[in-house]
Amino acid sequence: MEKFQQSFPSKQVAWPASRKWALSGVVGSGNLEVLIEPSAAAPASVSYSVETSFPGYKDSWLAALGDFASHYAVGGTTITIHDQGASPIVITMRLRQALDLLTSVKP
Amino acid sequence: MSAQPRDLRRRNKAARISRASGLASGKLVPHERTADLLRAVIEPGDILCLEGDNQKQADFLAAQLASLDSSTMRDIHLVMSCITLPEHIELFKKGMIRKVDFCYAGPQGGAVADLLASGKFPIGAIHTYNEIYARYYIDLTPRVALIAAAKADRAGNLFLAANTEETPAIVEPTAFYDGIVIAQVNEIVDELPRIDIPTDQVDFVIGAPYPMHLTALFTRDPAAITDVQILMAMVAIQGIYKEYEVESLNHGVGFNTAAIELLLPTYGEELGLKGKICKYWMVNPLPTMIPAIESGWVETVFSVGGEVGMERYTAARPDIYFTGRDGSFHSNRPMGQLAGHYALDMFIGASLQVDIHGNSSTVSKKRITGFGGAPNMGCQPMGRRHPTKAWLKAGREANPGPGSIPGRKLVVQMVETFQAGRVPTFVESLDAQDPSIKAAMQGVAPVMIYGDDVTHLVTEEGIANLGACRTPEERTAAIRGVAGYTPVGLKRSSADTASLRERGIIKLPEDLGVSPARANRSLLAAQEVKDLVRWSGGLYDPPAQFVDW
Amino acid sequence: MSRVPYHELKARERIAAIVDPGSFSEIIPPPERVMSAYLPKLGIPVAFDDGIAIGRASIAGKPLYLAAQVGQFVGGSVGEVHSAKLVGLLKSAARDRLPCVFLVESGGVRLHEGSSGEIGIAEAIRAVFDCRAAGAPTIAVIGSDIGAYGGMGILSACCDFRLMTEHGRIGISGPIVIEKWMGKEAFDSSNRALVWKTSGGKTRFLLGDAEALVNDSTDAVRDGILSLLSRSAKPDLAFVKARQKFLQERLDTFGKTPDPDAIWAALGIRDVAAATLAEASEFVESFAPKKP
Amino acid sequence: MTNLLARFFGDSASGITLTDKIATGYASLNGSAVCVIGTVEGTYINDAAALLLSAQVLDCIESKPGMPIVMLVDSAGQEPNRTAEMLGLPFYFGHLLTCLEVAREAGHKLVTVATGKAIGGAFLCYGMFADAIYALDSASLGLMPVEAMSAVTKIPVATLQELSKTLPALEFGAGPFALLGGVMEVWPTDDSLPAKLSAAIDAATTEDTRALLGKERGGRPQALDVQQRVLAESAA
């Protein structure tokens, strides 16, 4: 297992009052789960915490996570990831899905 | 006038046949006497051809050959397209083989590498399919050919059923140059559904004690198609199929292209592309094409081989597939490869590795695999003269200078930036460049598709139009631009990528109007094998390993 | 094809597709991070929910307890936390006399947690009977690729009802284990047609082990659950005596029959090939003999 | 094997029939009659075996109201067999469990002694369903031996063995199983067995205390807390 944490600047997320968290993905081969939660600490940055069973790809992770923070407004959140060898595109898709779930309004 | 006799081969053939005369009744030899027959007709020093490709093999004859003693069976020059069975490896282990010319060693790639290391694998050359078939007519004509057919009649005529494959390409040069053709058949019958090989070209027929094994090699379970593959398929449809109005094409056997096939009746329909693209195919009868065929997208399909389970479906769709007068499916590997070379707008396939020049390879260290038919289709046919829209458009992009070739075939490599287990697809240098592998290839790295032939690279990041690049440096920058978060991709310069994007050489999904949010399995026309059965009206009979109901 | 295939969905998507919109209230939701203590020690990634989402919800306004297993996470396997969530849920259902529905997708006990998951399943099985004693119906929905195997197969067999699709399978030993034990000639695990005929929804429905067989769509699954919610089958002596006779007859009749098609035919299926291919609803209406 | 039955039941062990290593019958324990169902000599259990056991339970409910039922377990597991699976093995096991539940509700006490192997499904399908579960010190209890676990999980045997020193759930045997709360007590194989079993029957209640024991003994630290938390949150 490899664990690392990193923060990136990001525009502040549009956080709906009705949601406290959002989860996307599952932990499984080539997949990961992403949990987004509010963080009171810094509204203009996102704090990632990653646990992966495929060590040795930190550069690639940080590039993908940094790009996501700069393309989407996720400031003021903590994003925790449990990974089992997902490719960067899957990481980006799950991040987007979690963000979509979070910001979509409950029917 | 010389007294030198000019019919030595014919006389030699007659001698061999007479040695075997006691074994046969007419042309029929009981399977228990197979080893005796092989001993009687094969001589040391022979060029011996053993039929076998990735799907169909003369497996009984291979096993009988491997059971022989190397004192009687020696000094053989083996020629064959695919070394796929453990029995093939046994021939080398027993020291029967003086030299081997072949194409591909898929499942036995590791064993071949081991044999090579211990000096027991004397390679002549590794070929593509049509190359080796061509050499059967030039300098590698078999003295004895061991082939496989579905049925024979008592006169020795052969019926090949759906899997014609390479049988005629072996039989014709052998039979017409005084070689001996021995066929194993699943069944001997009084009357054949149709005659694919006439008895004139056949010397002995053996009713094998078990039917030849056929693998459903081209069946892709829609359940295993991922959202990422669907995203890439949407990108390819928008950026290549629609952009170039690709009418005639070949698809590889991977999940990427299976996703495209299953998006035609949904996403393709939505884009109004039906009747404009994907009309003429050179591809095996892929079950994942059933929804597109049933939705009226496809005019014709010609195939190099059959596919297990598609027999009733293909027979019921003679407007689409080539069928015999008996009504059943027909295929032909060399002619299919030829069609794939000259008559297609596009070849699209996948690969395990792509380097920064666009060369691709399926070779990994410690495995000697070789080539199949992909290079015959995934290359520029310099002898092509007939124009099509797609060919001319790709030609304009590639060759803007006066006097240049007017057209280009679209040669597309479609790969995810990472393989399973986070292995990067994009590499600075191919594993195929490994010295041990190059040594086996007489110093030439086994590149499956050359970067110079490739016009487009499709990844989940977008499309790189390599055909429109003007310099090798520009091509490398375009490749890095779509190589994502691989080490190759991380070395890109954002200024280069932006400039290539401005010129349309790199296109991202959003440039093509593709929304990643829509890339979802629910967009597939079939999400599981049973959906394919439903689409076929119950005519598709999936093999047991694909059934989950 | 507008139907949403049940087996395509993941645990949380299944819940969302089946229960009344917005009615699912999760117990110990992911941010609570109640996770396996074993997996990190083995270098295996953990999941926020330990592979099972549990909570309260309603279907067509009827309140119930619900659990959905995440088959992708270590095969939907049952470890210490996972089983404790199941036990707590079942005891809640027994206490409140509410139905308890399991969307099962599990290969059984999580080997990585050894005997702790095994004891956990044993506790859950006892809690299933707490529900049955309280008249709170327990319903196992089995319609995923992984199915219900090992201890989850036994637990599912102990529930009041089983609702299956043709994708669902229930058993104890999986095909790969049997192949290893008996040899490939006796059972080729890559012969998926035989694997499904052995343990799949249609065979189980024919034999009377599944009370409902429905199409592989979330609507059909929801309707099926709804039809079972208001029934309960508290076991008594008469019930188990009848069962004893029924199972003995099955063993006497088919105990030496290796061919599932022969069993189908003996149970009244005239056209086995067509029945194999038929949709579940068509199978129940047109092929399977009518239940008395 | 008859030795072991005699250790518990003396001469009255002759009332227990062995059919293909499946034990059923009635015997006398410390002067009181008990019903006995069980497996011996590490046999594999299958659908037919489950029916033999359940038939005995039904006979006991019908003919011996309230008589305690002693379950002896020495079985290496369920037999991996395709025909048995096709016939619905989980349902034969489920039926046996249901019969035991009907017995429990009718006032029969259910007490298990793991005497030999008590592994996987073979333990789950009757022995682990008792009111109270005990094991002989020589018994092999657990999900599966470390070697088998390693083969399936691809985790090296050495790693599992090292971890099992701090995680009793990964270890095989009566002692570790007791630490998890899976058995109440481990008994030495001596002459005190009839008295111990008799006392155990007297003490048995229908309360499932395994999660509590697992927490108290430290072998299964999370289970009880999670169960209680679910109960508390669902009541809120």
Side-chain angles (χ1 to χ4, degrees), chain C residues 27-28 34 37-38 41-42 54 56 80-81 84-85 87-89 91-92 109 111-116 118-123 125-126 129 133 151 153-154 156-158 170-173 177-178 181-182 186-187 198-199 207 209 235-237 240-241 243-244 247-248 250-251 254-255 258 260, chain D residues 47-48 51 54-55 58 61-62 78 80-83 85-95 97-99 101-102 105 120-121 124-125 128-129 141-144 149 152-153 155 163 167 169-170 176-177 180-182 208 210-211 214 220-223 226-231 233-235:
Chain C
I27 297 167
I28 315 187
V34 178
Y38 298 81
K41 294 177 180 164
L42 297 164
I54 60 168
R56 260 178 109 133
E80 184 168 334
V81 168
K85 286 171 88 172
V87 173
L89 190 79
K91 288 187 170 172
S92 305
V109 174
L111 302 184
H112 313 78
E113 307 195 11
S115 309
S116 116
E118 187 191 11
I119 298 170
I121 287 216
E123 291 172 324
I125 290 173
R126 281 205 61 185
F129 286 101
I154 300 176
S156 300
C158 290
I170 177 167
I172 298 182
S173 302
V177 172
I178 300 176
W181 184 265
M182 297 182 73
F187 195 14
T198 295
S199 304
L207 282 167
D209 293 336
D236 57 16
L237 183 60
V240 285
K241 277 178 72 180
R243 246 342 247 176
Q244 177 83 17
L247 290 172
Q248 185 69 54
R250 183 192 292 182
L251 189 62
F254 300 122
Chain D
D47 36 18
L51 279 185
S54 58
L58 292 179
I61 299 170
E62 283 198 290
Q78 73 281 1
N81 175 299
R82 194 186 64 76
T83 306
E85 290 290 342
M86 187 168 62
L87 289 188
L89 192 55
F91 297 91
Y92 285 80
F93 288 0
H95 169 63
L97 292 164
T98 311
C99 290
E101 176 66 16
V102 171
E105 298 224 350
L124 264 182
C125 75
M128 289 180 94
F129 195 65
L141 286 76
L143 182 63
M144 54 171 61
M149 203 182 283
V152 184
T153 60
I155 297 165
L163 279 169
L167 295 175
L170 302 184
F177 214 81
L180 305 175
D208 188 342
R210 287 175 284 191
R220 214 155 41 108
Q222 292 169 290
V226 173
Q227 289 180 17
Q228 288 183 341
R229 191 165 161 188
V230 175
L231 276 162
E233 282 190 30
S234 66

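Protein chains get the first letters and strands the later ones, always in sequence-line order, with residue 1 at the start of each.
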Between C:Val109, C:Ile121, C:Asp209, which residue shows the highest count of heavy-atom pairs closer than 4.5 Å to chain D? C:Asp209
Using heavy-atom distances under 4.5 Å, tell me whether D:Leu97 contacts chain C through its side chain, its backbone, both, or neither. both
So which of D:Val102, D:Thr83, D:Asp47 has the biggest tally of heavy-atom pairs under 4.5 Å with chain C? D:Val102
At their closest point, which heavy atom of C:Lys85 faces which heavy atom of D:Val230, and how far apart are they? CA-CG2, 4.2 Å
Do C:Glu80 and D:Pro221 touch side chain to side chain, with heavy atoms closer than 4.5 Å? yes
For D:Ile61, is it the side chain, the backbone, both, or neither that has a heavy atom closer than 4.5 Å to a heavy atom of chain C? side chain
C:Glu118 side chain to D:Leu124 main-chain N or O, any donor-acceptor pair under 3.5 Å? no
Rounded to the nearest 0.5 angstrom, the CZ-CE distance for C:Arg250 and D:Met86 is 11.0 Å
Does any part of the side chain of D:Leu141, heavy atoms only, come nearer than 4.5 Å to the side chain of C:Ser115, both counted from C-beta? no
Are side-chain heavy atoms of D:Arg229 and C:Val34 found at a separation under 4.5 Å? yes
Rounding to 0.5 Å, atoms CG (C:Leu111) and CE (D:Met144) come to a distance of 4.5 Å
Could you tell me whether a side-chain N or O of C:Gln248 sits under 3.5 Å from a main-chain N or O of D:Leu51, the two making a donor and an acceptor? no
Is it true that a side-chain atom of D:Glu85 and a backbone atom of C:Ser199 form a donor plus acceptor pair closer than 3.5 Å? no
Is it the case that C:Thr198 and D:Arg82 place a side-chain donor and acceptor less than 3.5 Å from each other? yes
Most heavy-atom pairs under 4.5 Å with chain C, out of D:Met128, D:Glu101, D:Gln222, belong to D:Gln222
Can you find a pair of side-chain heavy atoms, one from C:Ile119 and one from D:Phe177, that are under 4.5 Å apart? yes
d(C:Tyr38 OH, D:Leu170 CG) to nearest 0.5 Å is 7.0 Å
Within the 4.5 Å heavy-atom criterion, are C:Leu207 and D:Phe91 side-chain neighbours or not? no
Measure across D:Met149 and C:Gly114 and return the closest heavy-atom pair with its distance rounded to 0.1 Å. CE-CA, 4.1 Å
Considering only heavy atoms, which portion of D:Leu87 lies under 4.5 Å from any heavy atom of chain C: side chain, backbone, both, or neither? both
Residue part contacting chain D, namely of C:Ala186, when any heavy atom lies under 4.5 Å: backbone
Testing the basics here: between D:Ala223 and C:Ala84, what is the closest heavy-atom pair and its distance to 0.1 Å? O-CB, 3.4 Å
Answer yes if the side chains of D:Ser54 and C:Gln244 hold a donor-acceptor pair under 3.5 Å, and no otherwise. yes
Looking at C:Gly153, C:Gly151, C:Gly255, C:Pro260, which one has more heavy-atom pairs under 4.5 Å with chain D than the rest? C:Pro260
Which answer fits D:Glu105, side chain, backbone, both or neither, if we ask what part of it has an atom under 4.5 Å from a heavy atom of chain C? side chain
C:Glu123 side-chain N/O to D:Ala211 backbone N/O, donor-acceptor pair under 3.5 Å: yes
How about C:Ile154 and D:Leu89: do any of their side-chain heavy atoms sit closer than 4.5 Å? no
What's the spacing between D:Thr98 OG1 and C:Arg243 CZ if we round to 0.5 Å? 8.0 Å
